[in-house]
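The chain is numbered in sequence order, starting from 1.
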Amino acid sequence: MSQEIWINLPVKDVEKSTAFFNAIGYQATNYGHERAKLDIGQTTILLFPDATFEKFTGSTIADTSRSAEVIFSLGASSREEVDACIQKVEFAGGSIFGKPSEIDGWMYGAGFADLDGHRWNLLYMDESKMPKR
């Protein structure tokens with residue numbers, strides 16, 4: 001059995017979403033109005049128009065203005081990377097729901113929503129400061 005995971009994500013405008021993710025530093029490839037591919041590490045996220053996604057799933061998409069369907073957590077290599085990405089998100093039209101801050105003395109993170117309201121978490125973990133069991 002293959003161990004790859006592909007995440008399918010509905011978006012209102014494939015081209016705008018592709019531009020957004022490229023602007024914040026991730027590799028997104030647009031295949032026209034019908035789909036785009038977003039590669040983050042070993043994970044592939046496929047961006048589909050809302051109507052196409054609804055056809056695949058047989059149900060309506062979540063209203064991200066009223067609820068959260070999932071949060072994608074992304075690792076960062078430093079606090080500075082978290083800060084830089086959040087600045088890019090704001091410039092590219094995303095919204096910040098969690099400003100960069102320290103968590104428990106060994107993590108540093110922030111949260112943002114993309115153009116479609118999908119929630120993302122950036123997290124840097126300083127393992128040298130991680131509590132020992």
Side-chain angles (χ1 to χ4, degrees):
M1 182 183 305
S2 175
Q3 295 301 303
E4 294 180 62
I5 184 168
W6 298 340
I7 299 167
N8 297 298
L9 196 61
V11 298
K12 290 173 183 45
D13 187 311
V14 171
E15 291 175 355
K16 286 182 181 178
S17 292
T18 302
F20 172 81
F21 286 109
N22 282 324
I24 67 170
Y26 295 99
Q27 180 63 42
T29 306
N30 188 331
Y31 296 101
H33 299 291
E34 294 303 314
R35 71 184 145 283
K37 180 180 175 190
L38 173 60
D39 290 311
I40 300 176
Q42 298 297 315
T43 302
T44 298
I45 300 175
L46 301 173
L47 307 176
F48 290 100
D50 290 346
T52 302
F53 187 85
E54 288 178 342
K55 185 177 177 182
F56 286 164
T57 62
S59 63
T60 58
I61 61 169
D63 179 355
T64 57
S65 69
R66 299 181 53 179
S67 61
E69 80 279 43
V70 67
I71 187 166
F72 297 98
S73 293
L74 306 171
S77 60
S78 67
R79 296 167 77 104
E80 293 77 19
E81 183 179 345
V82 171
D83 292 339
C85 187
I86 289 299
Q87 287 179 340
K88 290 175 186 177
V89 165
E90 288 181 307
F91 185 75
S95 61
I96 309 307
F97 65 81
K99 294 192 182 287
S101 62
E102 189 168 297
I103 307 152
D104 295 334
W106 62 280
M107 294 181 284
Y108 184 79
F112 71 91
D114 64 23
L115 301 179
D116 292 281
H118 304 296
R119 293 177 175 260
W120 302 78
N121 177 48
L122 293 166
L123 189 61
Y124 166 67
M125 293 183 277
D126 184 345
E127 294 183 16
S128 70
K129 295 180 180 178
M130 184 184 290
K132 308 291 186 239
R133 288 185 186 212

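- Atom CZ of F112 and atom CG of L74 lie 6.0 Å apart (nearest 0.5 Å).
- Separation of atoms CD1 (I86) and NZ (K99) is listed at 9.5 Å; rounding is to 0.5 Å.
- The distance from the CG atom of L115 to the CG atom of D13 is 8.5 Å, given to the nearest 0.5 Å.
- Linking Ile, Leu, Val, Met, Phe, Trp and Tyr residues whenever their side-chain heavy atoms come within less than 4.5 Å leaves I71 and M107 in two separate clusters.
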Quiz item: Should I24 and F21 be marked as a side chain to side chain contact (heavy atoms under 4.5 Å, CB included) after you check the CA-CA gap, both sets of side-chain angles, and the distance that decides it?
Solution: CA-CA 5 Å; I24 67 170; F21 286 109; 4.1 Å; yes

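- When ring centroids are compared, Y26 and W120 stay outside the 6.0 Å threshold.
- Hydrophobic clustering (ILVMFWY, side-chain heavy atoms < 4.5 Å, transitive): M130 and Y124 are in distinct clusters.
- Using cut-offs of 30° and 60° on the angle between ring planes, the pair F56 and F48 is perpendicular.
- Atom NZ of K88 sits about 12.0 Å away from atom CG of D83, to the nearest 0.5 Å.
- Distance check, rounded to the nearest 0.5 Å: CZ of R35 to CG of N30 gives 10.0 Å.
- Here the shortest heavy-atom pairing between Y108 and E102 reads CD1-N, 3.8 Å.
- To the nearest 0.5 angstrom, F53 atom CZ is 11.0 Å from L47 atom CG.
- Residues Q27 and T29 have side chains in contact (heavy-atom distance under 4.5 Å, counting atoms from C-beta outward).
- Contact annotation: the side chain of E34 never approaches that of V14 to less than 4.5 Å [non-hydrogen atoms, C-beta and beyond].
- The two residues H118 and P10 have their closest heavy-atom pair at NE2-O, 2.7 Å.
- For the residue pair D116 / S17, a side-chain donor-acceptor distance below 3.5 Å is found, with atom types taken as modelled.
- Of the residues listed (I61, I45, L38), the one engaging L9 in a side-chain contact (heavy atoms from CB on, under 4.5 Å) is I45, and it is the only one.
- Under the 4.5 Å side-chain heavy-atom criterion for grouping Ile, Leu, Val, Met, Phe, Trp and Tyr, I7 is connected to V11 within one hydrophobic cluster.
- The minimum heavy-atom distance between P49 and H33, with the atom names listed, is CG-O, 3.3 Å.
- Screening P100, S73, C85 against L122 for a side-chain contact (heavy atoms from CB on, under 4.5 Å) leaves a single residue, C85.
- When atom types are taken as modelled, the side chain of D104 and the backbone of W106 share no donor-acceptor pair closer than 3.5 angstrom.
- The shortest heavy-atom contact between I103 and G109 is CD1-N, 4.0 Å.
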